[in-house]
Peer 1: 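My questions all concern the structure below.
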2 protein chains.
Amino acid sequence: MADTTGAGEPTLDEQIAAYQREFQDLDPQVEKIVSALSRLNRRMNVAYGRQTGALGISNAEWEVLKALVLSGVPYRMGPSELAKRLGLTPAAMTHRIDRMVAGGLVTRARDESNRVRVIVELTPEGREKWLEAMRLASVFEEDLLQDLSLAERSVLGEVLTRLLRRVEHAQPDAGGRLTDLD
Amino acid sequence: MADTTGAGEPTLDEQIAAYQREFQDLDPQVEKIVSALSRLNRRMNVAYGRQTGALGISNAEWEVLKALVLSGVPYRMGPSELAKRLGLTPAAMTHRIDRMVAGGLVTRARDESNRVRVIVELTPEGREKWLEAMRLASVFEEDLLQDLSLAERSVLGEVLTRLLRRVEHAQPDAGGRLTDLD
DNA sequence: GATGTAGTCTTTAGCTTCGAACTTTATCTT
DNA sequence: AAGATAAAGTTCGAAGCTAAAGACTACATC
């Protein structure tokens with residue numbers, strides 16, 4: 001379970017109509033964008049989960065592999081750095097690393113120059129898993145976007161990064177309004 | 001914690017560059033769109049979480065309220081219907097309803113015409129909570145999209161629903177490819 | 001060099017979820 | 001009717017998460 005496939009969910013247009021019925025002062029166009037974004041993301045995560053599952057790892061483990069690989073050679077990071085990157089508590093990171101060490105995806109060693117620190121390092125097996133997952137993911141992503149023209153891709157990318165900048169550089173105040181930080 | 005704010009995360013462009021370095025056959029434009037989508041969604045969920053938290057409910061409870069309100073008067077649904085809608089197991093639904101009954105957001109009653117069934121019904125307090133949350137959310141969403149022109153909003157909505165249709169009407173096969181169902 | 005303080009993990013307790021087994025009620029078959 | 005089958009929720013045990021407390025190391029200050 002925990003499919004989040006959205007089976008039995010109303011169509012997007014039905015949902016917008018219901019919103020309009022229950023909450024009048026709502027811009028349907030805004031709501032459509034927001035709802036589509038959220039749904040699209042959930043469906044994509046389900047797809048990623050199926051792919052990583054087929055490789056015998058979880059999405060959670062895939063994220064750790066991703067952080068390590070993207071950090072570049074020699075593929076090492078400390079647990080707290082990883083935790084911050086993934087938005088986890090240090091406690092959760094400890095346990096996740098435990099599982100991944102047991103699965104042979106990473107190794108854990110004490111930093112000899114500073115014995116408080118721990119070094120998590122990607123194993124060759126872990127790197128290979130990530131590559132396999134990436135191969136599947138990139139095929140899926142290409143297929144997903146295949147109907148979009150080059151112009152549409154360009155606009156979509158630009159608009160999304162603009163929105164991203166807005167949430168990142170602004171924080172909602174108590175009333176929920178976004179106020180610029182800089 | 002569990003902020004998922006992405007503190008200490010590389011910028012989007014740095015991340016794309018790292019992908020290129022570690023995995024050559026990747027279309028940077030595709031990856032930019034996908035990464036932006038995912039990040040944007042995480043940041044938005046954090047914002048929603050702050051807002052619902054300020055109202056004394058969790059995002060999880062907010063989702064149940066949403067499903068009930070959108071179902072329309074008389075705001076009633078069965079646990080399994082709710083579970084399917086939210087992508088939860090029946091077990092998780094049972095517990096979530098327990099908590100919401102305790103919090104006065106919904107009531108639980110046996111259906112007298114079919115005593116296997118249970119009816120979860122929104123309380124006036126629950127409906128009011130949802131309205132408050134919606135007021136905050138709609139302000140946030142308007143602010144988020146404020147820099148987009150009408151034309152851009154229209155294109156964005158159209159493109160996103162097209163992508164959504166593609167994931168919904170197609171399922172990735174074992175190799176990860178999306179194959180049309182109809 | 002003893003003591004305090006800060007930083008980095010790990011441990012513990014409690015919560016939410018999933019998967020699977022179980023209970024209760026309705027329905028179908030004969 | 002009687003018994004099998006199906007459907008709807010709940011209960012149970014394990015996994016993974018958070019928050020808070022604890023343990024250990026490094027470093028500053030006296």
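Just so it is clear, the values below take in all heavy atoms, side chains as well, and ignore hydrogens, waters and symmetry mates. Numbers restart at 1 for each chain; the letters A, B, ... are given by sequence-line order, proteins then strands.
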Peer 1: If the cut-off is 4.0 Å, is Arg96(A) near the phosphate of dA15(D), judged by side-chain N/O to OP1 or OP2?
Peer 2: no
Peer 1: Please state how far atom CG in Leu88(B) lies from atom C1' in dG9(D), giving the value in whole angstrom units.
Peer 2: 14 Å
Peer 1: Considering only heavy atoms, which members of residues 55-66 of chain B lie under 4.0 Å from some atom of DNA chain D?
Peer 2: none
Peer 1: Would you mind reporting whether Gln146(A) and Glu142(A) have side-chain heavy atoms less than 4.5 Å apart?
Peer 2: no
Peer 1: Tell me the side-chain hydrogen bond (donor to acceptor under 3.5 Å, both in side chains) pairs involving residues 23-36 of chain B, sequence neighbours left out?
Peer 2: Asp13(B)-Lys32(B)
Peer 1: Under the ring pair (Phe, Tyr, Trp, His ring centres under 6.0 Å) rule, collect the residues that match up with Tyr75(B), sequence neighbours excluded.
Peer 2: none
Peer 1: Can you run down the salt bridge (Lys or Arg N to Asp or Glu O under 4.0 Å) pairs that involve residues 112-124 of chain A, sequence neighbours left out, and say none if there aren't any?
Peer 2: Arg76(A)-Glu121(A), Glu112(A)-Arg115(A)
Peer 1: Rounded to the Å, how far apart are His95(A) NE2 and dT16(C) P?
Peer 2: 18 Å
Peer 1: What residues form a side-chain contact (heavy atoms from CB on, under 4.5 Å) with Ala60(B), not counting sequence neighbours?
Peer 2: Ser58(B), Arg96(B)
Peer 1: Return each pair, listed once, that meets ring pair (Phe, Tyr, Trp, His ring centres under 6.0 Å) where at least one residue sits in residues 37-57 of chain A; pairs must be two or more places apart or across chains.
Peer 2: Tyr48(A)-Trp62(A), Tyr48(A)-Phe140(A)
Peer 1: Is the shortest side-chain N/O distance from Ser80(A) to OP1 or OP2 of dC9(C) below 4.0 Å?
Peer 2: yes
Peer 1: What residues from residues 98-122 of chain B pass a heavy-atom cutoff of under 4.0 Å to DNA chain C?
Peer 2: Arg99(B), Asn114(B), Arg115(B), Val116(B)
Peer 1: Is Thr94(B) touching bases, backbone alone, or none of the nucleic acid, heavy atoms closer than 4.0 Å?
Peer 2: base
Peer 1: From the list dG9(D), dC18(C), dC9(C), which nucleotide is the closest neighbour of the side chain of Thr89(B)?
Peer 2: dC18(C)
Peer 1: In chain order, what residues pass the salt bridge (Lys or Arg N to Asp or Glu O under 4.0 Å) check against Glu81(A), with sequence neighbours excluded?
Peer 2: Arg85(A)
Peer 1: Show every donor-acceptor pair shorter than 3.5 Å between a side-chain atom in residues 14-21 of chain A and any protein atom, with sequence neighbours excluded, or say none if there are none.
Peer 2:
from, atom 1, to, atom 2, distance (Å)
Glu14(A), OE1, Thr11(A), N, 3.0
Gln15(A), OE1, Arg39(A), NH2, 2.6
Arg21(A), NH2, Leu70(B), O, 3.1

